[in-house]
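Here the structure comes first, spelled out in structure tokens, and everything after it is commentary.
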Amino acid sequence: MFLYNTKTQRKEEFFPQDPSRVTMYVCGPTVYGYAHIGNARPAVIFDVLARLLRREFPRVVYVRNITDIDDKINAAAMAQGISIADITSTYTQAYHDDLEALGVLAPDVEPRVTNHIPQIIEMIDSLLQAGHAYEAQDHVLFDVSSFNDYGELSHRNRADMLAGARVEIAPYKRDPADFVLWKPSSEDLPGWDSPWGRGRPGWHIECSTMAEAHLGDTIDIHGGGRDLIFPHHENENAQSVCAHNGISFCRYWVHNGLITVESEKMAKSVGNILLVRDLLKQAPGEAIRLALLNAHYRGPLDWTEEGVMQARRSLDRLYQALRDMHDVPVVDSSQRKIPDTFLNCLRDDLNTPKALAILFGLAREAHTAADKAQKSRIKNEMLAAGDLLGLLQQDPEVWFGGADAGLDTAHIEHLIKQREAARMSKDFEKADRIRDMLLEQGVILEDVADGTRWRVAS
RNA sequence: GGCUGGGUGGCAGAGUGGUUAUGCAGCGGCCUGCAAAGCCGUGAACGUCGGUUCGAUUCCGUCCCCAGCCUCCA
């Protein structure tokens with residue numbers, strides 16, 4: 001399979017360092033608020049990548065961290081007048097709930113920063129020992145000038161960075177590019193004892209430490225949003241390489257594009273942050289997931305209400321095919337074959353839109369297939385391919401039933417029976433009246449070969 | 001200003017040096033009591049200006065537009 005590597009700026013064939021154990025680290029959320037759609041995109045993208053890797057390789061260790069130490073968390077606790085622990089546990093739970101609604105499977109390991117303080121201190125200490133860091137005014141800073149390859153990931157050089165610098169340089173830095181590994185905490189802030197006094201870790205060291213703790217010195221894949229390339233991942237790379245005597249930290253850097261909302265950037269200052277839990281009130285999680293997978297992961301994605309509607313209708317089409325095959329037998333999920341055409345799309349830098357096109361092709365085949373054996377093959381393929389994308393695993397009846405639309409199913413069935421009776425006696429006026437009545441409630445009827453079925457309008 | 005990614009039909013969105021993406025929407029037909037679903041057919045595109053080429057949406061360069069980042073920071 002091939003992945004686009006940010007570091008080399010090329011699509012490269014993916015070879016794990018150890019084929020028997022693929023390692024992937026993805027930057028998770030800082031838990032100080034509800035997840036927005038921009039947080040959801042990498043979670044869904046790398047969920048698909050993890051699913052693909054798991055079927056291509058015997059073992060995959062996927063780590064996605066929870067950042068539960070951060071000044072933004074401290075500020076949120078202060079603002080809401082509750083403890084830091086309450087903030088982090090509340091929003092960690094909310095994050096899990098939101099992702100579950102989007103069909104995102106749990107990673108193999110979900111480390112938290114607060115559980116890795118000794119390892120963080122150890123790593124900072126080794127950076128100091130190796131001459132890559134220095135202490136200044138109760139801070140420990142990374143010495144960027146000690147690492148020749150600084151900038152290799154984000155493709156910037158020091159001169160460029162300085163030219164655009166618009167932030168005041170902290171006086172304790174030897175060089176403007178140096179960044180904090182450890183900083184002092186006042187009594188009212190969370191802190192841990194360290195060789196450099198009571199304090200807390202800086203921004204980037206946590207990811208270096210947790211990747212090392214769970215995956216080793218060199219990892220295969222590191223993922224995250226494009227906005228993290230600099231400074232976060234650049235710094236993470238510098239720390240890890242320098243703490244490990246120059247050993248390569250990450251073999252493939254994979255970054256997803258960012259989301260805009262109705263053509264505008266999503267930002268607090270614009271006031272257009274879309275929370276996953278709010279979107280879930282408007283559309284099923286599966287539709288939101290499809291809307292995220294409908295564009296290639298590396299490109300930008302403009303989020304619109306229309307886009308979610310289209311995703312929902314696209315799922316209608318796929319589930320319609322499965323619904324028509326409700327009586328077609330399937331084999332056990334472990335026996336199902338995924339078409340190579342479909343797999344090859346995903347193997348080619350996770351081309352989900354192209355893979356979806358294959359899935360739609362199967363849906364068409366399903367409608368035109370002549371015999372049952374053919375339909376059985378198609379149904380198995382659709383379910384297996386869908387599973388790789390985290391789609392189509394619901395019972396079609398549940399999808400079309402609108403789950404929580406608050407409909408009185410018994411009442412609907414009753415009206416359908418009345419209409420059937422009316423049709424039998426050729427009282428089409430009455431039959432149409434009943435159909436219109438249901439349509440007003442958002443219920444669409446379909447007269448098919450073996451009776452009348454209904455679905456919620458999308 | 002620097003670095004990075006993107007600009008494709010009404011909308012979303014793949015892809016390709018010359019030949020159908022796909023989904024939604026439109027149009028015509030079939031099916032249907034009528035619809036819906038489905039099927040068949042159909043119109044419609046590659047930001048700008050140049051260059052390379054027999055031929056470019058696809059390669060190269062210019063410019064324009066959109067987005068992100070430019071170091072502890074909302």
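Note that the coordinates shown come from a computational prediction; the quantities given were computed from them, not determined experimentally. First the proteins, then the strands, lettered A, B, ... as listed; each starts at 1.
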Among [options], the one nearest [X] by side-chain distance:
X        : options                : value
A:Asp227 : B:rU4, B:rC69, B:rA14  : B:rC69
A:Pro353 : B:rG13, B:rU22, B:rA36 : B:rG13
A:Arg226 : B:rU71, B:rG15, B:rU4  : B:rU4
A:Asn294 : B:rG23, B:rG13, B:rG15 : B:rG13

Taking the [atom1] atom of each, how far is [N] from [M], in whole Å?
N      : M      : atom1 : result
B:rU16 : B:rC27 : C1'   : 28 Å
B:rG18 : B:rU53 : C1'   : 12 Å
B:rC30 : B:rU8  : C1'   : 33 Å
B:rG15 : B:rC34 : C1'   : 42 Å
B:rC11 : B:rA25 : C1'   : 8 Å

Using whole Å, what does the distance between atom [atom2] of nucleotide [N] and atom [atom1] of [X] come to?
X        : N      : atom1 : atom2 : value
A:Leu141 : B:rU71 : CG    : P     : 16 Å
A:Asn351 : B:rG23 : CG    : P     : 16 Å
A:His367 : B:rC40 : NE2   : C1'   : 14 Å
A:Lys173 : B:rU71 : NZ    : P     : 9 Å
A:Leu292 : B:rG13 : CG    : C1'   : 14 Å
A:Lys354 : B:rU8  : NZ    : P     : 19 Å
A:Leu389 : B:rG23 : CG    : C1'   : 14 Å
A:Met78  : B:rA74 : CE    : P     : 13 Å

Touch class at under 4.0 angstrom, heavy-atom based, for [X] against every strand present:
X        : answer
A:Asp178 : base
A:Arg313 : sugar-phosphate
A:Leu356 : nothing
A:Lys72  : nothing
A:Gln9   : sugar-phosphate
A:Tyr297 : nothing
A:Gln310 : base
A:His296 : sugar-phosphate

Check whether the side chains of [X] and [Y] place a donor and an acceptor atom closer than 3.5 Å, and report yes or no.
X        : Y        : value
A:Glu420 : A:Thr452 : yes
A:Asn39  : A:Tyr95  : no
A:Tyr319 : A:Glu286 : yes
A:Ser425 : A:Asp427 : no
A:Asn235 : A:Tyr150 : yes
A:Asn380 : A:Arg377 : no

Item checked: A:Phe14 CZ: over 12 foreign heavy atoms closer than 6.0 Å -> yes
Think [X] has a side-chain N or O under 4.0 angstrom from the OP1 or OP2 of [N]?
X        : N      : result
A:Arg364 : B:rA37 : no
A:Arg455 : B:rA37 : yes
A:Arg317 : B:rA37 : no
A:Tyr4   : B:rG5  : yes

Heavy-atom side-chain contact between [X] and [Y] under 4.5 Å:
X        : Y        : value
A:Glu413 : A:Trp454 : yes
A:Asp408 : A:Gln441 : no
A:Leu292 : A:Ile259 : yes
A:Pro42  : A:His255 : no

Under 3.5 Å on both distances, the Watson-Crick or G-U partner of [N]:
N      : answer
B:rC69 : B:rG2
B:rC54 : B:rG18
B:rA25 : none

Note to self: Determine whether A:Tyr91 and A:Tyr34 satisfy the following criterion, ring pair (Phe, Tyr, Trp, His ring centres under 6.0 Å), listing intermediate values before the conclusion.
What the structure shows: CA-CA 6 Å; A:Tyr91 292 115; A:Tyr34 291 114; 5.0 Å; yes
Item checked: Base-contact (B) and sugar-phosphate-only (S) positions in nucleotides 59-67 of chain B, heavy-atom cut-off under 4.0 Å, - elsewhere -> --------S
Is there any protein nitrogen or oxygen under 3.5 Å from a nitrogen or oxygen in nucleotides 29-35 of chain B, and what are the pairs?
residue : atom : partner  : partner atom : Å
B:rG33  : O6   : A:Arg423 : NE           : 3.2
B:rG33  : N1   : A:Asp432 : OD1          : 3.0
B:rG33  : N2   : A:Asp432 : OD1          : 3.4
B:rG33  : N2   : A:Asp432 : OD2          : 2.6
B:rC34  : O2   : A:Arg435 : NH1          : 3.4
B:rC34  : O2   : A:Arg435 : NH2          : 2.3
B:rC34  : N3   : A:Arg435 : NH1          : 2.9
B:rC34  : N3   : A:Arg435 : NH2          : 3.4
B:rC34  : N4   : A:Asp447 : OD2          : 3.1
B:rA35  : N6   : A:Asp447 : O            : 3.4
B:rA35  : N1   : A:Asp447 : N            : 3.0
B:rA35  : N1   : A:Asp447 : OD2          : 3.2
B:rA35  : N3   : A:Arg435 : NH1          : 3.0

Check: Going by modelled atom types, is there a donor-acceptor pair between the base of B:rC69 and the side chain of A:Arg156 at under 3.5 Å?
Finding: yes
